[in-house]
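Once you've had a glance at the structure underneath, I'll fire off some questions.
All values below come from the heavy atoms of this structure, side chains included, with hydrogens, waters and symmetry mates left out. Being a predicted model, the structure only gives us computed values, none of them experimental.
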Amino acid sequence: MTITFRAVDKLSGELLSNILDIEQEAFGDAALNEYVIVPLMRYGKVYIAVDEDDVPVACAYFMRSMADISVAYLMSVAVLPMFRGQNVGTALLNYSLANLKRYGITRVMLTVDPANFNALSVYREKLGFTVVDSVKDEYGPGEDRLVMSKDL
């Protein structure tokens, strides 16, 4: 199976529907919805991985910092369950990070649940992010997050 990567420059109804399906499959009730994805596409950057039929199988969302325009924040990455464990998400993020340099981005930040050992392993070992801080109750009581950073 061939997977390719690209930035989303124009969001059609069908593409939005595909992305919403990936979000729902990956995150259920915590999935991003169209009221978040559309502004991220217009004012941030959205990247997708597509199969040989040009159907999205993974997506990643970035927004630029207002405090420092050389910094982007990885808001979320979602991969369809049947493509997990095949390095699709890692490859999509590698593609995205390389592409973000074109926009003057020199650092990418993210937050991750400290108990999400799979994501921590990917971010640290495969992508080179380092933990720079921790935030207690970031998304409410008991929703702690590690803050990670990578210079591009």
So which atom in Val57 and which in Ile3 form the shortest heavy-atom distance, rounded to 0.1 Å?
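Scanning both residues completely, I find the closest heavy atoms to be CG2-CD1, 4.1 Å.
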Would you tabulate the side-chain donor-acceptor contacts of residues 27-38 under 3.5 Å, counting partners in other chains and residues two or more places apart, or write 'none'?
{"unit_1": "Asn33", "atom_1": "OD1", "unit_2": "Tyr35", "atom_2": "N", "d": "2.8"}
{"unit_1": "Asn33", "atom_1": "OD1", "unit_2": "Val36", "atom_2": "N", "d": "3.3"}

hydrophobic_cluster_shared for Leu100 and Leu92, side chain cutoff 4.5 Å
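Yes; tracing contacts between hydrophobic side chains, which count when under 4.5 Å, links both residues.
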I need the Asp137 CG to Asp144 CG distance, nearest 0.5 Å.
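Result: 5.5 Å between the selected atoms.
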How close do Ala67 and Ser65 get, counting heavy atoms only, and between which atoms?
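The answer is N-OG, 3.1 Å.
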Would Ile19 end up clustered with Phe5 when hydrophobic side chains under 4.5 Å apart are linked, directly or stepwise?
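Different clusters: Ile19 never reaches Phe5 through Ile, Leu, Val, Met, Phe, Trp or Tyr contacts under 4.5 Å.
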So how far is it from Arg6 CZ to Asp54 CG, rounded to the nearest 0.5 Å?
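It is 4.0 Å, given to the nearest 0.5 Å.
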Around Glu52, counting heavy atoms of other residues, nucleotides and ligands shown, do more than 12 lie under 6.0 Å from its CD?
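Yes, CD of Glu52 has more than 12 neighbouring heavy atoms, counting only those of other groups under 6.0 Å.
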Of Leu74, Leu110, Val108, Asn94, the residue whose pairing with Leu127 passes side-chain contact (heavy atoms from CB on, under 4.5 Å)
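When Leu74, Leu110, Val108, Asn94 are each tested with Leu127, the side-chain contact (heavy atoms from CB on, under 4.5 Å) holds only for Asn94.
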Heavy-atom closest contact (Val79 atom, Gly89 atom, distance)
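So the minimum-distance heavy-atom pair works out to CG2-CA, 3.8 Å.
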Are any of the side-chain nitrogens in Asp9 or Lys45 under 4.0 Å away from the carboxylate oxygens of its partner?
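Salt bridge present between Asp9 and Lys45.
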Gap separating the CD1 atom of Ile48 from the CG atom of Asn18, nearest 0.5 angstrom
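Here the rounded value is 8.0 Å.
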Side chain to side chain, Asn87 and Lys126, heavy atoms closer than 4.5 Å
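Of all side-chain heavy-atom pairs linking Lys126 with Asn87, at least one is under 4.5 Å.
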Residues forming a side chain to side chain contact (heavy atoms under 4.5 Å, CB included) with Glu125, sequence neighbours excluded:
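Here the qualifying residues are Ser121.
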Any chance you could lay out the side-chain contact (heavy atoms from CB on, under 4.5 Å) test for Leu120 and Leu146, step after step, and finish with the verdict?
CA-CA 9 Å; Leu120 277 168; Leu146 295 175; 3.8 Å; yes
With a 4.5 Å cut-off on side-chain heavy-atom distances among I, L, V, M, F, W and Y, is there a chain of contacts connecting Leu152 to Ile69?
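Leu152 and Ile69: separate clusters.
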Compare every heavy atom of Ala58 with every heavy atom of Ile22, then report the nearest pair and how far apart it is.
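Closest approach of Ile22 to Ala58, heavy atoms only: CD1-N, 3.6 Å.
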Which distance, rounded to the nearest 0.5 Å, do you find between the CG of Asn116 and the CZ of Arg145?
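The CZ atom of Arg145 is 8.5 Å from CG of Asn116, to the nearest 0.5 Å.
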Rounded to the nearest 0.5 Å, how far does CZ of Arg84 lie from CD of Gln86?
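Gln86 atom CD to Arg84 atom CZ measures 11.5 Å (nearest 0.5 Å).
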Residues in side chain to side chain contact (heavy atoms under 4.5 Å, CB included) with Val132, at least two apart?
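For Val132, the residues satisfying side chain to side chain contact (heavy atoms under 4.5 Å, CB included) (neighbours in sequence not counted) are Met109, Thr130, Val147, Ser149.
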Using the ring pair (Phe, Tyr, Trp, His ring centres under 6.0 Å) rule, collect all pairs that involve residues 56-81, keeping only residues at least two apart or in two chains.
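For residues 56-81, and leaving out neighbouring residues, the ring pair (Phe, Tyr, Trp, His ring centres under 6.0 Å) pairs sorted by first residue read Tyr47-Phe62.
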Quick one: does any side-chain atom of Asp113 pair with a main-chain N or O of Ala115 as donor and acceptor, under 3.5 Å?
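Indeed, once roles are kept as given, a pair shorter than 3.5 Å links the two residues.
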Transitively linked via ILVMFWY side-chain contacts under 4.5 Å: Val50 with Tyr95?
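As far as the 4.5 Å side-chain criterion goes, Tyr95 and Val50 are not connected within one cluster.
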Quick one: ring pair (Phe, Tyr, Trp, His ring centres under 6.0 Å) pairs with a partner in residues 118-141, sequence neighbours left out?
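Matches after skipping sequence neighbours: Tyr123-Phe129.
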Determine the minimum heavy-atom distance between Leu15 and Val8, stating which atoms define it.
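Heavy-atom minimum between the residues: CD2-CG1, 3.7 Å.
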Nearest 0.5 Å, please: how far is CZ in Arg42 from CG in Leu40?
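One finds 12.0 Å between CG of Leu40 and CZ of Arg42.
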In terms of hydrophobic clustering (I, L, V, M, F, W, Y; side-chain heavy atoms under 4.5 Å; direct or indirect links), are Leu80 and Val46 co-clustered?
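Result: no, two separate clusters.
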Apply salt bridge (Lys or Arg N to Asp or Glu O under 4.0 Å) to Asp151 and list each qualifying residue two or more places apart in sequence or on a separate chain.
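Checked Asp151 against salt bridge (Lys or Arg N to Asp or Glu O under 4.0 Å); matches are Arg107.
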Val88 and Ala49: which non-hydrogen atoms are nearest, and at how many Å?
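Nearest pair, atom of Val88 first, then Ala49: CG1-CB, 3.9 Å.
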